[in-house]
Amino acid sequence: MQAWDLTSYALPGVYLHIPFCEAKCHYCAFDSRPVVGEDVDAYCDALVRQIRRMAAHPWCRQRRFSTLYVGGGTPTVLGRERLCRVLEAALHCFAFAKPVEVSVEANPNTVTADLLAHLRQAGGNRLSIGVQSLDDRLLVRLGRRHTAAQGVAAVEAARRAGFANVSVDLIYGLPGQTARDWRQTLAAVLALDVEHLSLYELSVDPGSRFHQRPPALPPEDEVVAMNGITAELTAAAGMERYEISNYCRPGFACRHNLNYWRNGDYLGLGAGAVSCFGGLRLRAVGDPALFVRRLRAGEPVWTEGEALSLAARFRETVVMGLRCTAGLDLRWLRQRFGIDIHAFYGDALARLIEAGYLVADRERLCLAGHVVPVANRVLAELV
Ligand code: SF4
C-alpha cells in the first residue's frame, strides 16, 4: 500500500487556527489579520479553553486522533510560550494514536533557534515553512516581510532544532516572474533537501489586495514552462507528486492533509476554524475578540452549521479524492457510501473518461497525468 493511499487513514485530525500575521500579504484572502493591537494572550487562553471543552465532549472523548496541525495565519507569530502552550494543551487533552504527526506552519522571519527547539520539545515534529520565493524582488511584490536569505536560514534552523520532516511552500506564476526565475528558486529549495513541497500557482482571490489592484501576471506559455520545470526538477530530486500541488519524498506525504482529501472527519478549533464530523460541518465565529467573549461566557462558538446529505458527501469525496494522484479506490468508495460512481454521474463521468481527462479501470479512477495542471477545470464538472 502506498503511504498516501486514501483508504489507509481512518482517524480524524485536529486543527488549531491562529488567525494572526505580522502583516497582510498582497495575495492573501485567508482568515488572518495583523497581530498588532490584538489581544493575543486572551486568544490563546480562549483556545486552550476550547481545547479542554471539546476534548471532554462525548464525540471526542471516545475517539483517537491521528494528526495535529497548527495553521493560520502565522502560528509562530505567537512566540515561544504561547505557541508551546496551545500545542501542549492539545497533545495533552486529546488521545492521539502513535506515531502522531504534529505540523506547525511558520514564516521565515518569525522563527528563532530558541522557538524551534522549544517547539520540538513540546511535541512538534513537522514544520511547514512559508518561503514562497527565493527572489527578494518577488517577495517584495508579494508583500512578504522576509528575505530569501531568511527563507533558507529558517529551513537550516529547523534542521538544527531536530525537525526531520520539513515542508516548504512556494508560489509561482508571480507578477514579473519568468520561467528562468522559477527554475532558480525551485532548484535552490530542492538543494536544501526538504521532505515535502507545496507548490501553488498564484491566484488572485476576492478579499486580497491583488484583487483590488490586479498585478500583471506572466503569460500562459510562461506558466506552462514553469509547470514543465516543476515536473523536471522534482522528478530529478526523487520527489513524487502525490496531490495536485504537493510533492514529497517517499513516506513524507502530509497525513493531516491526506485526511482532508479523503474527506475524513476533522475537528477545527479557534476563530473561523471549520469542523466536519459525521456529515455535520460547523464553522466557528471568525472575529477573535468575539471568539474570546463566547468562550469566556461559556457560550457556543459556532456560527454556521450544515448537515450534509449523502449525495453531497459523496460528491465532495470524489472531487477531493481525485486531487490525489493515486486517485479514488472505487471499492472503498462503494463500501463507504453504497453508491456506484458511474450510476451517480452517468454521462458526465463517461464524457470525461472518453475525452481522456480521467482514467478508469474497475478499481480506480484517476486524473490523467496531462490534465493535472488544469485539474480544477475538470473537477468542476463533478462538483
Ligand atoms: S503569512 Fe500567510 S496567512 Fe498571513 S497574510 Fe501572508 S499569506 Fe496570509
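All ligand and atom numbering here is 1-based and tracks the order in the structure. Values in this document were obtained by computation on a predicted structure and should not be read as measured data.
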note = min-distance protein heavy atom vs atom 8 (Fe) of ligand 1 -> Cys28 SG, 2.3 Å
task = Could you tell me whether the side chain of Val378 reaches within less than 4.5 Å of the side chain of Leu322, counting heavy atoms only?
result = no
Which residue and heavy atom of the protein sit nearest atom 7 (S) of ligand 1, plus the separation = Tyr27 OH, 3.4 Å
note = Quick note on ligand 1: atoms under 4.0 Å from a heavy atom of Thr74 include exactly 1 (S), 4 (Fe)
request  = Report the member of Pro19, Gly130, Cys25, Pro34 with the shortest heavy-atom distance to atom 5 (S) of ligand 1.
outcome  = Cys25
request  = Verify whether the ring centers belonging to Tyr266 and Tyr260 lie closer than 6.0 Å.
outcome  = yes
query = In the protein, which heavy atom is nearest to atom 2 (Fe) of ligand 1, and how far is it?
reply = Arg144 NH1, 4.2 Å
ask   = Which of these passes side-chain hydrogen bond (donor to acceptor under 3.5 Å, both in side chains) with Tyr69: His17, Glu101, His256, Glu105?
value = Glu105
message = My understanding is that we take every heavy atom of each candidate and find the minimum distance to atom 4 (Fe) of ligand 1. Doing that for Cys21, Gly72, Gly73, Gly71, which one comes out nearest?
response = Cys21
task = Output yes when Glu243 and Arg323 qualify as a salt bridge under the 4.0 Å nitrogen-oxygen rule, no when they do not.
result = yes
message = For a 4.5 angstrom cut-off between non-hydrogen side-chain atoms, does Tyr43 reach Phe291?
response = yes
message = Just to check, does Ala23 reach to within less than 4.0 Å of ligand 1 when the distance is taken from its heavy atoms?
response = yes
key: Arg137/Asp135 ion pair, N-O < 4.0 Å   = yes
query = Of all the non-hydrogen atoms in the protein, which one sits nearest to atom 1 (S) of ligand 1, and at what distance?
reply = Asn107 ND2, 3.1 Å
